[in-house]
Amino acid sequence: MNELQQLAARRLAQGGRGRGVRFEDAWHSWEEICATAHKVCDLIAESGAPQRATVLFIAGNTPAELAALLGLLAQGRTVRFLYAFQSGEAIAAKVAELEPRSE
């Protein structure tokens with residue numbers, strides 16, 4: 001387990017109700033962030049994706065996306081980023097080019 005994975009896992013394990021992330025003049029609690037991180041990881045596991053499978057991450061700039069990334073890092077997932085601020089057609093073409101597997 002690398003240091004970044006350890007930090008992410010420790011933060012999620014702590015949970016907590018305190019202020020976590022401020023976004024657009026509103027605070028999102030650590031409880032909310034942790035719940036979202038765990039839910040994303042649960043959904044990936046339910047999809048049948050292998051533990052070592054790379055996850056394509058199309059992130060913008062919201063607390064939910066930060067939470068998802070935190071969860072992926074805590075799991076030790078390999079994360080491949082795709083630039084979110086492009087057309088839907090460009091995103092679809094890039095995803096097809098990457099040839100995701102449904103194993």
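Placement of L56 and I44 in two distinct hydrophobic clusters is found when ILVMFWY residues are connected by side-chain heavy-atom separations under 4.5 Å, directly or transitively. Follow the hydrophobic side-chain contacts under 4.5 Å out from L66 and you never reach I58; the two are in separate clusters. L69 and V21 sit in two unconnected hydrophobic clusters of ILVMFWY residues. Membership requires side-chain heavy atoms under 4.5 Å apart, directly or through other members. With hydrophobic clusters built from ILVMFWY side chains whose heavy atoms lie under 4.5 angstrom apart, V40 shares a cluster with L4.
The environment of CG in N61 is sparse: at most 12 heavy-atom neighbours from other residues, nucleotides or ligands sit within 6.0 Å. Within 6.0 Å of the CD atom in Q14, the count of heavy atoms belonging to other residues, nucleotides or ligands exceeds 12.
Note: F57 and F81 have perpendicular aromatic rings, judged against thresholds of 30 and 60 degrees for the angle between ring planes.
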Can you check side chain to side chain contact (heavy atoms under 4.5 Å, CB included) on R77 and Q51, steps first, answer last? CA-CA 7 Å; R77 293 267 184 187; Q51 178 60 35; 4.0 Å; yes
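In this structure, A8 and A74 approach most closely via the heavy-atom pair CB-N, 3.7 Å. In terms of heavy-atom proximity, W30 sits nearest to R11 at CG-NH2, 3.2 Å. Pairing each heavy atom of A59 with each of A84, the nearest pair is O-CB, 3.1 Å. Nearest heavy atoms, A67 versus A37: O-CB, 3.2 Å. Taking both residues in full, the closest heavy atoms of G76 and R52 are given as O-NH2, 2.9 Å, listed atom of the first, atom of the second, then distance.
In this structure, the separation between CG on L12 and CG on L70 is 4.0 Å, given to the nearest 0.5 Å. Remark: I33 CD1 to H28 NE2 distance equals 8.0 Å, nearest 0.5 Å. Atom CG in L43 sits 13.0 Å away from atom NE2 in H38 (nearest 0.5 Å). How far CZ of R10 is from CD of Q5: 11.5 Å, rounded to the nearest 0.5 Å.
Side-chain contact check for T62 and E65: at least one donor-acceptor pair (N or O, by modelled atom type) lies under 3.5 Å.
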